[in-house]
A.B. asks: 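There's a structure below that I have some questions on.
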There are 2 protein chains.
Amino acid sequence: MAFKTDFNDKQIQILQVAEILFAEKGFDGTSIRNIAKEAKINIAMVSYYFGSKERLLESLIFYRTKDLKIQIENLLVENLDPIAKINKLIEIYINKINCNKGIFRILHFEVATKKKELNIKSFYELRKSNLKSLEAIINEGQDKGVFRKDISIPLITPTILGTFFHFHMNKEYFMNLLQLNTEDLYNNYINVNLTKHIQQTIKALLIYES
Amino acid sequence: MAFKTDFNDKQIQILQVAEILFAEKGFDGTSIRNIAKEAKINIAMVSYYFGSKERLLESLIFYRTKDLKIQIENLLVENLDPIAKINKLIEIYINKINCNKGIFRILHFEVATKKKELNIKSFYELRKSNLKSLEAIINEGQDKGVFRKDISIPLITPTILGTFFHFHMNKEYFMNLLQLNTEDLYNNYINVNLTKHIQQTIKALLIYES
DNA sequence: AATTAAATTAAACAAGTGTTTAATTTAAAC
DNA sequence: GTTTAAATTAAACACTTGTTTAATTTAATT
């Protein structure tokens, strides 16, 4: 079976259940029987539609990341000053990932351990493309004399995404620490405080002269 | 069997092998037979010494994190200006984690999925203690008028650790992107460039006035 | 309506899982 | 040297794993 790029309703149903379970219990921690039971299908259907459990994961990654690239590229041509563009980029990132916590958690987890075998080429391309967009924005700011010039651009992304992920990976700890007792309070903290913190951090890094 | 806080040579041998394998293939991806084979012991020895696979992980976390607290606390009483203290704190963090990649990777991975059942109380205490130390350093800088006062201190740690982890979790991607073709080049990049980037970022965040 | 293809199923497969048992070897205590 | 405890072993246990098979049902095509 070749790697499919479009999926029918049944396949999407399986992908959605798999996303939830993989995110919750990890790839190895989730069995095909778990998925089948939750999706109310026969256990043979996963192999039938995707070939194997591994290929199911590959399909899932493709399914969820295919439209992220465009969103970033659209930002590039918008008529905003460099700082506003960076702020909006961060907003887009956080919001996109926060609304798709499942797949990004899986990527964060599994790509690190399964990378040798997985078909993550398209994912690599996505990242390089996003990096190029970020580079374009920062160069624009440097040309206008707003940003400093001795910035390691490839390390900006780790600071943006890393801060978010570290926060989210330790959800329970921070909910406890910051007294975010409901899911709403937690999400609100991400969208307001955490986003602001990251924007503030990157802004300071880009502008500050020692 | 009660939770043991000191380990004999054989137990340490098992813990070391488990650390490598858990870090490499994840907790669920590693079987007791894998560990037994690698450590050249009988498969029953893990249950004999630790009670279960789960308890082995708990023991491992305890074994590797028990001495981190002191290191941070010692920094507190050193006679350095606030910026230097923060820089050294970051250096300690990165170096400590970088030299113990295994266990921190495991923590990063497994605490997020296994948190309900795991005995990570001591780990929680460690984090809260470290946060207090950071708070003390920043307050000192604020009192001296060097740091700004509208800083979200609990979000500093996610930025420091998150940046590092995101970089390290995507090791292959960054080795490729930055042309770090050997293990030495990679480690050197962490100790020089990445550490500097994080120090620069936090410094800018703490000092910058908009 | 008959034929062909796709979808779905229960059952079986072989291999791997964590853990326990009971027997044996090694070491320690007396 | 004998007794007692600890360490180690191979084997078995019951159960779960991903995948495949062959039979059956459903849908589409002619």
Side-chain angles (χ1 to χ4, degrees), chain A residues 1-61 106 109-110 113-114 116-119, chain B residues 1-61 106 109-110 113-114 116-119:
Chain A
M1 192 197 294
F3 187 78
K4 281 284 190 61
T5 56
D6 52 339
F7 308 101
N8 62 37
D9 291 357
K10 206 105 215 176
Q11 287 175 305
I12 290 174
Q13 179 196 349
I14 296 172
L15 288 173
Q16 285 171 339
V17 170
E19 180 177 24
I20 293 169
L21 293 181
F22 286 165
E24 207 172 284
K25 320 199 289 173
F27 180 77
D28 289 323
T30 305
S31 73
I32 290 187
R33 282 165 180 83
N34 291 154
I35 299 169
K37 193 179 175 186
E38 200 73 24
K40 281 162 192 153
I41 52 149
N42 188 276
I43 54 163
M45 297 306 288
V46 170
S47 292
Y48 177 75
Y49 274 128
F50 298 97
S52 68
K53 188 188 175 188
E54 201 99 8
R55 297 266 286 282
L56 168 65
L57 176 58
E58 291 174 18
S59 297
L60 178 57
I61 292 173
I106 295 164
F109 269 58
E110 306 303 337
T113 43
K114 298 278 181 305
K116 288 144 207 156
E117 315 118 49
L118 275 184
N119 174 16
Chain B
M1 192 195 294
F3 187 77
K4 280 282 190 62
T5 57
D6 52 340
F7 307 101
N8 62 37
D9 291 356
K10 207 104 213 176
Q11 287 175 304
I12 290 174
Q13 179 196 350
I14 297 172
L15 288 172
Q16 286 171 340
V17 170
E19 180 176 25
I20 294 168
L21 294 181
F22 286 165
E24 206 171 284
K25 321 201 289 175
F27 180 76
D28 289 323
T30 305
S31 74
I32 290 187
R33 281 166 181 81
N34 292 154
I35 298 169
K37 193 179 176 186
E38 200 73 24
K40 282 160 192 153
I41 51 148
N42 189 276
I43 54 163
M45 297 306 288
V46 170
S47 291
Y48 177 74
Y49 273 128
F50 298 97
S52 70
K53 188 187 174 188
E54 201 99 10
R55 296 265 288 281
L56 168 65
L57 175 58
E58 291 174 19
S59 296
L60 178 57
I61 292 174
I106 296 165
F109 268 57
E110 307 303 338
T113 44
K114 300 278 180 306
K116 288 143 206 154
E117 315 118 45
L118 276 185
N119 174 18

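In what follows, chains carry the letters A, B, and so on, assigned in the order in which the sequence lines appear, proteins first and then strands, with residues in each chain numbered from 1. Since this is a predicted model, take the numbers as computed values, not measurements.
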A.B. asks: Where each residue is assigned the nucleotide of DNA chain D containing its nearest heavy atom, which of A:Asn34 and B:Asn8 is assigned the position nearer the 5′ end?
C.D. replies: B:Asn8
A.B. asks: Donor-acceptor pair, distance only, cut-off 3.5 Å: does the side chain of A:Gln13 make one with the backbone of A:Ala39?
C.D. replies: yes
A.B. asks: Mind listing the closest non-hydrogen atom pair of B:Ile43 and B:Ile32 along with its distance?
C.D. replies: O-CG2, 3.7 Å
A.B. asks: What are the residues of residues 35-46 of chain A, sorted by number, that bring a heavy atom to within less than 4.0 Å of DNA chain D?
C.D. replies: A:Ile43, A:Ala44
A.B. asks: Which protein N or O atoms sit under 3.5 Å from an N or O of nucleotides 23-25 of chain C?
C.D. replies:
none

A.B. asks: By side chain to side chain contact (heavy atoms under 4.5 Å, CB included), which residues pair with A:Asn8, not counting sequence neighbours?
C.D. replies: A:Lys10, A:Gln11, A:Tyr49
A.B. asks: Could you state the CZ-C1' distance from B:Phe50 to D:dT8, rounded to the nearest angstrom?
C.D. replies: 15 Å
A.B. asks: Regarding C:dG16, can its base be found pairing with the side chain of B:Arg33 as donor and acceptor, where the two atoms are less than 3.5 Å apart?
C.D. replies: no
A.B. asks: When you measure from the side-chain N and O atoms of A:Lys10 to the phosphate of C:dA6, is any distance below 4.0 Å, counting only OP1 and OP2?
C.D. replies: no
A.B. asks: Show every side-chain hydrogen bond (donor to acceptor under 3.5 Å, both in side chains) that has at least one partner inside residues 36-45 of chain A, sequence neighbours left out.
C.D. replies: none
A.B. asks: Between atom NZ in B:Lys53 and atom P in C:dT20, what is the gap in whole Å?
C.D. replies: 15 Å
A.B. asks: Give the rounded distance in Å between these two atoms: CG of B:Asp9 and P of C:dA27.
C.D. replies: 14 Å
A.B. asks: Apply side-chain hydrogen bond (donor to acceptor under 3.5 Å, both in side chains) to B:Ser52 and list each qualifying residue two or more places apart in sequence or on a separate chain.
C.D. replies: none
A.B. asks: Without decimals, in angstroms, what is the distance between A:Ile14 CD1 and C:dA7 P?
C.D. replies: 11 Å
A.B. asks: Kindly write out the residues that satisfy side chain to side chain contact (heavy atoms under 4.5 Å, CB included) with B:Ile20, not counting sequence neighbours, or none if the list is empty.
C.D. replies: B:Glu24
A.B. asks: Is the phosphate of C:dA6, meaning OP1 or OP2, less than 4.0 Å from a side-chain N or O of A:Tyr49?
C.D. replies: no
A.B. asks: Would you mind reading off the distance between A:Arg55 atom CZ and D:dT19 atom C1', rounded to a whole angstrom?
C.D. replies: 13 Å
A.B. asks: Where is the tightest heavy-atom contact between B:Lys25 and A:Asp28, given as atom of each residue plus distance?
C.D. replies: O-OD2, 4.1 Å
A.B. asks: Rounded to whole angstroms, how far apart are CD1 on B:Ile32 and P on C:dG18?
C.D. replies: 5 Å
